[in-house]
J.: 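Sharing a structure here in structure tokens format.
By convention in this document, chain letters (A, B, ...) are assigned in the order of the sequence lines, proteins followed by strands, and residues within each chain are numbered from 1.
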2 protein chains.
Amino acid sequence: MKGLSEKQERILSFIERFIRENGYPPSIRDIQAGCRISSTSVVDYNLKILESRGYLQRSAEVSRSIRLNRGMHDDAMINVPVIGVIAAGNPIPVPTAETWDVTAAAEKMVVPRELTRGREAVYALKVKGTSMIDALINDGDIVLLEHVSMVENGEMAVVWLKDEKEATLKRVYFERDRVRLQPANEQMQPIFVPLQNVAIQGRVIAVIRRFD
Amino acid sequence: MKGLSEKQERILSFIERFIRENGYPPSIRDIQAGCRISSTSVVDYNLKILESRGYLQRSAEVSRSIRLNRGMHDDAMINVPVIGVIAAGNPIPVPTAETWDVTAAAEKMVVPRELTRGREAVYALKVKGTSMIDALINDGDIVLLEHVSMVENGEMAVVWLKDEKEATLKRVYFERDRVRLQPANEQMQPIFVPLQNVAIQGRVIAVIRRFD
DNA sequence: CTGTGTAAAGAACACCTGTTCTATGCCCAA
DNA sequence: TTGGGCATAGAACAGGTGTTCTTTACACAG
């Protein structure tokens with residue numbers, strides 16, 4: 001199978017993201033706007049190529065009838081396990097295949113699919129203490145996480161500081177051999193730590209604060 | 001929560017089957033034909049009912065934008081209207097019977113019933129700007145509110161400061177003839193305002209922060 | 001009976017959306 | 001250079017599609 005052009009890759013991943021975020025397929029003009037393509041005919045042109053190579057299917061003359069063939073049918077994961085507590089000075093519980101089993105989880109929580117957006121390895125942690133106050137996260141808040149070991153610059157993540165034996169929530173920026181941890185509160189100063197002192201535990205998807 | 005009519009059950013299971021068989025949601029006229037309904041307006045009528053009860057979601061004026069809340073639409077999720085934006089210096093939109101109509105709301109949101117806990121007059125506001133940063137609420141956060149005009153001491157509420165013409169989110173303590181507004185961040189100092197200068201707009205039920 | 005609320009029919013409108021047609025520019029082998 | 005395949009632009013068309021408006025029918029409480 002021949003390779004795809006950069007534009008076709010872009011279209012494909014846009015469709016994937018669109019379906020994940022909206023729950024229904026994009027129209028041709030959605031794709032046009034989302035991939036900054038100049039004409040609908042160009043989108044159609046590339047969609048026909050993608051279809052002929054089996055990447056997707058379309059029904060003629062039916063709006064939003066794109067189906068991706070890379071098996072992705074979202075079975076709304078709305079039930080996430082609350083696998084533990086995050087607090088300064090404590091290691092956070094590392095998710096395992098065991099804890100993924102939502103039915104077996106000691107504590108669980110229902111969240112709108114709109115929040116998880118089809119992501120796979122989602123779990124929740126309860127925040128203990130006010131040590132994350134500079135990230136606008138308070139005692140008792142619930143943090144929704146995606147289990148990943150690397151994040152992109154600027155993303156909010158759970159960071160484990162090995163030396164300090166401390167977990168914290170910050171925006172992460174990689175700078176040569178050090179890492180800048182930026183509090184969400186702009187009035188506060190960033191923290192710099194050496195690269196080998198940090199371990200990414202997960203990407204923050206959402207914060208939920210409940211008042212009784 | 002009231003039961004569904006036989007026709008609504010039929011529509012619901014047709015949508016489910018259609019998505020399963022075609023991979024994309026049906027149009028209103030697909031439903032009309034598939035359920036042998038006489039008019040598109042009847043389909044629309046029943047879809048609005050189904051949406052208001054949390055069984056599905058639609059995006060206004062977007063074709064085939066039906067999403068099913070599969071699995072746990074049994075009381076687990078509820079649909080609340082996002083009726084506006086809260087920002088310093090702006091009056092917040094006062095909820096009316098009009099804006100309660102979830103089906104008519106321009107924007108809406110699905111939240112777990114676990115968050116609303118059976119409360120009735122629940123609506124949502126989007127936070128604009130960082131003026132609530134001392135309440136640990138950031139730009140873009142979504143605040144879930146219960147529409148009340150009085151709160152108890154210590155509750156987090158939307159407070160309208162008449163003189164300053166400013167809405168803010170603080171914990172409220174009534175002290176004789178003045179009101180103490182306590183930021184959630186304990187490092188910051190409280191604000192004192194005269195009693196006649198404040199109007200309670202609603203009690204904060206939850207804060208939801210989403211990262212993309 | 002009268003009024004009110006719910007449910008439904010049918011039609012019409014305006015916008016959405018897939019499709020198609022023509023024209024243009026580019027690369028590369030003949 | 002020439003010609004053909006590839007990719008793109010822009011516009012226009014026809015049918016799809018969500019929405020709304022008016023009218024009708026029915027059940028039920030006052």
Side-chain angles (χ1 to χ4, degrees), chain A residues 1-12 14-15 18-19 21-53 55-68, chain B residues 1-12 14-15 18-19 21-53 55-68 79 81 97-108:
Chain A
M1 180 157 295
K2 278 182 290 186
L4 299 179
S5 75
E6 187 266 340
K7 180 171 297 189
Q8 286 153 9
E9 297 273 14
R10 200 142 40 93
I11 291 177
L12 217 45
F14 172 78
I15 295 173
F18 189 98
I19 294 179
E21 293 182 358
N22 296 282
Y24 52 87
S27 70
I28 286 192
R29 282 169 181 83
D30 287 333
I31 300 173
Q32 183 191 0
C35 298
R36 286 190 215 82
I37 294 173
S38 53
S39 173
T40 60
S41 63
V42 177
V43 178
D44 186 65
Y45 175 80
N46 286 284
L47 283 181
K48 279 176 176 158
I49 294 175
L50 287 169
E51 183 172 17
S52 72
R53 299 194 187 167
Y55 286 90
L56 50 85
Q57 291 173 258
R58 290 201 291 167
S59 303
E61 305 193 344
V62 175
S63 68
R64 301 176 184 274
S65 62
I66 295 178
R67 286 147 286 171
L68 286 182
Chain B
M1 178 154 295
K2 280 180 287 185
L4 298 179
S5 74
E6 188 267 339
K7 181 172 296 190
Q8 285 153 9
E9 297 274 14
R10 200 142 39 93
I11 291 177
L12 218 44
F14 172 79
I15 294 173
F18 189 99
I19 293 179
E21 292 179 358
N22 297 281
Y24 51 87
S27 70
I28 285 191
R29 282 169 182 83
D30 287 335
I31 300 173
Q32 185 190 1
C35 298
R36 286 190 216 80
I37 294 175
S38 54
S39 171
T40 59
S41 64
V42 178
V43 178
D44 187 64
Y45 175 81
N46 284 284
L47 283 181
K48 278 176 176 160
I49 294 175
L50 287 170
E51 182 174 17
S52 71
R53 299 197 187 163
Y55 287 88
L56 49 84
Q57 293 173 258
R58 291 201 292 167
S59 302
E61 303 192 344
V62 175
S63 67
R64 300 174 185 274
S65 62
I66 295 177
R67 287 145 286 171
L68 285 182
N79 225 344
E98 280 293 307
T99 51
W100 285 139
D101 188 358
V102 180
T103 65
E107 208 176 344
K108 43 213 159 194

J.: Looking across every strand, which nucleic acid part, if any, lies under 4.0 Å from Ser65(B) by heavy atom: base, sugar-phosphate, or nothing?
T.: nothing
J.: If you check every side-chain atom of Thr40(A), which of dA11(C), dA12(D), dA7(D) has the closest atom?
T.: dA12(D)
J.: Within the structure, does a side-chain N or O atom of Tyr45(B) lie under 4.0 Å from either OP1 or OP2 of dA8(C)?
T.: no
J.: How would you list, by chain and number, every residue that makes a salt bridge (Lys or Arg N to Asp or Glu O under 4.0 Å) with Asp30(B), sequence neighbours excluded?
T.: Arg64(B)
J.: Within the structure shown, what part of the strands sits under 4.0 Å from Ser41(A) by heavy-atom distance: base, sugar-phosphate, or nothing?
T.: base
J.: At what distance, to the nearest 0.5 angstrom, does CD of Glu9(A) lie from CG of Asn46(A)?
T.: 11.5 Å
J.: Please determine if a side-chain N or O atom of Lys48(B) lies less than 4.0 Å away from the OP1 or OP2 oxygen of dT19(D).
T.: no
J.: Taking CD from Glu61(B) and P from dT20(D), how many angstroms apart are they, rounded to a whole number?
T.: 7 Å
J.: Do you know the tightest heavy-atom contact between Phe14(A) and Gly34(A)?
T.: CE1-CA, 3.6 Å
J.: Could you please spell out the steps behind the side-chain contact (heavy atoms from CB on, under 4.5 Å) verdict for Ile66(B) and Ile31(B)?
T.: CA-CA 11 Å; Ile66(B) 295 177; Ile31(B) 300 173; 3.9 Å; yes
J.: Nearest heavy-atom pair of Arg58(A) and Lys48(A): which atoms, and what distance?
T.: NH2-CG, 3.7 Å
J.: If I take atom CG in residue Asn46(A) and atom C1' in nucleotide dT19(C), what distance separates them, rounded to the nearest angstrom?
T.: 16 Å
J.: Return the value, rounded to whole Å, for the distance between atom CG of Asp44(B) and atom C1' of dC13(C).
T.: 15 Å
J.: Confirm from the modelled atom types if Ser39(A) and dG10(D) form a donor-acceptor pair under 3.5 Å, side chain to base only.
T.: yes
J.: Using a heavy-atom distance cut-off of less than 4.0 Å, which residues of residues 26-33 of chain A contact DNA chain C?
T.: Ser27(A), Ile28(A), Arg29(A)
J.: To the nearest angstrom, how far is Leu47(A) atom CG from dG18(C) atom P?
T.: 9 Å
